[in-house]
Protein chains: 2
Amino acid sequence: MTGHPLLVTLNEVRQSLSIKDVARIANVSHSTVSRALRDSPLVNPETAARIKKIALESSYRASAVARSLATSKTHTLGVVVATVADPFIAEVISGIEAAARQRGYSVFLANSDGVADRETSVVESFEERRVEGILVLASRVGSSYRTLLEKTSIPIVLINNYKFGDCAYSVDIDNVPASREATRHLIGLGHRRIAYLGDRFGFNSDTERFSGYRQELAAADIAFRPEFVVHGDGTPPGGEAAVQQLMQLPGRPTAVFCYDDMTALGALRGIRAAGLRVPEDVSVVGFDDLLIASYVEPALTTIRQPKEHMGTLATEMILNLLSGEKGEANVKVAGELIVRKSACPPAVP
Amino acid sequence: MTGHPLLVTLNEVRQSLSIKDVARIANVSHSTVSRALRDSPLVNPETAARIKKIALESSYRASAVARSLATSKTHTLGVVVATVADPFIAEVISGIEAAARQRGYSVFLANSDGVADRETSVVESFEERRVEGILVLASRVGSSYRTLLEKTSIPIVLINNYKFGDCAYSVDIDNVPASREATRHLIGLGHRRIAYLGDRFGFNSDTERFSGYRQELAAADIAFRPEFVVHGDGTPPGGEAAVQQLMQLPGRPTAVFCYDDMTALGALRGIRAAGLRVPEDVSVVGFDDLLIASYVEPALTTIRQPKEHMGTLATEMILNLLSGEKGEANVKVAGELIVRKSACPPAVP
DNA sequence: GGGTCCACTGCACACGTGTGCAAGGGACTT
DNA sequence: AAGTCCCTTGCACACGTGTGCAGTGGACCC
């Protein structure tokens with residue numbers, strides 16, 4: 001592009017100065033400037049100091065765009081999320097960004113709103129941007145990534161996502177043991193009538209948590225009762241509606257283990273709406289440990305997911321991959337039971 | 001960079017194909033491919049169709065990096081936040097990203113954690129990336145942007161941020177009327193002893209909300225009582241500690257207007273810890289309308305900030321600026337009182 | 001039949017940075 | 001004194017895409 005000199009003047013585009021401008025001022029070639037600024041041993045220390053001084057005073061900023069083109073390294077990652085507004089997702093992003101920045105990478109962020117088309121176009125946009133890796137965090141979406149994964153040559157790490165065998169890198173909470181621990185906690189408190197308030201979208205996180213729940217019931221010789229399983233949609237209203245079905249049951253449960261904290265928040269409301277108290281009449285246990293969990297009344301007993309850590313882990317996994325180190329492809333992290341006030345021994349055993 | 005053929009082979013770098021590869025397959029020059037893919041009228045429709053077909057089948061992705069270098073347009077924005085994990089910030093980001101993507105822009109996201117040094121380095125990194133605009137959303141930080149604003153030639157929009165005269169573009173909630181509305185609501189319920197639980201960091205958002213509070217008291221001929229003003233730190237524990245000072249006062253307030261919802265959450269706890277009920281003994285009003293506000297018990301009466309809208313607005317402001325349209329430089333948006341359950345008429349007037 | 005004009009295509013250069021290679025010059029060795 | 005070696009620098013090209021300009025060929029007109 002040779003440019004339109006007139007237009008440029010009109011628009012008052014302040015052209016940021018280039019390496020050649022610095023070279024001219026320092027009276028050396030642009031190669032020497034390039035080497036000096038990158039601390040190459042090939043350049044005379046005095047010359048380097050002079051060049052650096054000039055670069056600093058003129059507040060020269062090397063163009064990452066041009067460098068990327070020359071080195072075919074963008075030092076850039078792409079992050080696809082269903083929505084940033086989800087507090088779980090936001091904390092994971094926080095971990096991703098910190099780990100990336102620490103290793104000199106910048107991150108592109110894009111919302112998909114869980115719409116498959118938009119995810120496709122977001123990934124295409126990332127491909128054009130030549131991001132070196134993509135992190136996907138869209139618990140509301142599943143199978144549409146199968147084709148994306150097959151098509152793209154950019155490494156992708158899925159975080160708490162739907163999986164297809166082991167064809168992709170992934171970081172996940174280890175749902176079964178965590179779910180067993182939550183269920184065991186309720187059993188330990190003396191509960192026998194324990195419900196599972198799941199999610200209706202068929203994520204494997206839901207399947208696994210449900211599985212842990214059943215395993216622990218079995219281990220304690222408690223019969224599984226199908227009517228004690230209901231489904232929300234990951235939102236408080238969904239949980240509220242679902243828990244009300246449970247409360248109407250003859251011989252209603254004395255405890256409810258919820259798929260996630262959002263669902264549990266709804267459960268708290270629904271239980272109160274049914275004229276019952278938490279935890280005296282019904283105990284509630286959540287999953288995630290969102291910030292909000294400790295500030296509701298009663299404070300929520302829940303399973304903590306190490307959210308920031310999961311973001312960091314996924315980022316390091318992908319960066320190590322880019323450095324050629326092959327590591328574990330499918331990592332599981334442990335949850336942790338956080339005991340607060342929403343679960344206590346049952347009044348009527 | 002002529003490359004290290006051996007290394008390339010070893011690392012199995014899958015070189016994405018370039019416009020020249022497509023050109024060779026289509027048996028035309030790369031110029032024609034470039035024009036065809038950008039729907040230039042200069043190219044024969046049949047040729048264009050053939051080229052597009054080839055590009056599609058080979059899943060060719062034009063390099064945004066090279067295009068940026070050639071056109072000196074990156075179609076990229078940078079967003080600086082104190083932390084993504086803050087639910088307020090996360091929703092604003094959501095609005096930013098949606099508006100940007102809709103106009104073909106991608107966004108870089110960076111956390112500063114409110115550390116001045118990190119903010120400087122983040123902005124420098126954005127400058128190197130040649131972002132076309134920067135959005136700053138770091139309510140915990142103020143004056144360190146003064147120098148950044150003066151140094152950089154990239155347009156910056158501050159969202160709910162500390163301001164320095166009118167030297168920067170900004171989008172802000174219109175604090176004074178919103179705060180007056182909240183206070184008027186409490187007065188309308190019959191409260192006369194109304195406290196202000198502010199923030200201790202000296203943001204002008206706090207100053208303005210406090211000012212609205214005082215103006216409305218004055219308008220209702222209620223004497224201002226300095227002992228009814230305490231300060232938290234924007235976190236629930238901070239609000240909890242501060243509200244307890246208020247509750248110990250002889251002739252304690254019957255209502256508390258809080259700087260933000262996080263502070264209000266703490267206030268709810270602190271009031272209960274003092275053996276009092278919300279709202280029967282003490283009414284509470286917040287500010288922000290975070291998602292959590294409707295799920296605490298009692299659901300929080302608060303001022304809603306149009307968070308996504310503010311993000312969208314700021315983004316469009318900066319994109320219009322880049323298109324050469326000059327608009328309003330300092331925009332204020334209106335808050336909205338959301339009446340829920342945490343405020344009712346006082347028991348003892 | 002020759003001239004003109006238009007539709008289309010390719011050449012060549014630009015964008016800003018990195019780097020292999022050659023070359024210059026000084027110091028040291030034999 | 002000549003040769004060798006190393007330190008330092010610059011030349012030239014590469015990265016992938018966009019675009020001004022020249023050039024080619026065909027259609028149409030007179």
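Proteins get letters first, then strands, A, B, ... in listed order; numbering begins at 1 in each.
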Length of the line joining [X]:[atom1] and [N]:[atom2], which is rounded to integer Å:
| X | N | atom1 | atom2 | result |
| --- | --- | --- | --- | --- |
| A:Leu17 | C:dG16 | CG | P | 10 Å |
| B:Leu42 | D:dT24 | CG | P | 18 Å |
| A:Ile19 | D:dA12 | CD1 | C1' | 15 Å |
| B:Lys20 | D:dA14 | NZ | C1' | 9 Å |
| B:Leu69 | C:dC15 | CG | P | 9 Å |

Backbone N/O of B:Leu319 and side chain of B:Ser323: donor-acceptor pair under 3.5 Å: yes

Does a distance-only test, which skips hydrogens and angles, find a donor-acceptor pair under 3.5 Å between the side chain of [X] and the base of [N]?
| X | N | result |
| --- | --- | --- |
| B:Ser31 | D:dT19 | yes |
| A:Arg61 | C:dG16 | no |
| B:His30 | D:dG16 | no |
| A:Arg129 | D:dG16 | no |
| B:Arg67 | C:dG16 | no |

Name the nucleic acid region contacted by [X], choosing base, sugar-phosphate or nothing; use a 4.0 angstrom heavy-atom cut-off, strictly under.
| X | value |
| --- | --- |
| A:Ser68 | nothing |
| B:Ser63 | sugar-phosphate |
| B:Arg38 | sugar-phosphate |
| B:Val28 | sugar-phosphate |

B:Arg50 vs B:Glu46, salt bridge (Lys or Arg N to Asp or Glu O under 4.0 Å): CA-CA, chis, key distance, verdict: CA-CA 6 Å; B:Arg50 186 163 49 90; B:Glu46 292 170 19; over 6 Å; no

Between B:Leu137 and B:Ile96, is any pair of side-chain heavy atoms under 4.5 Å apart? yes

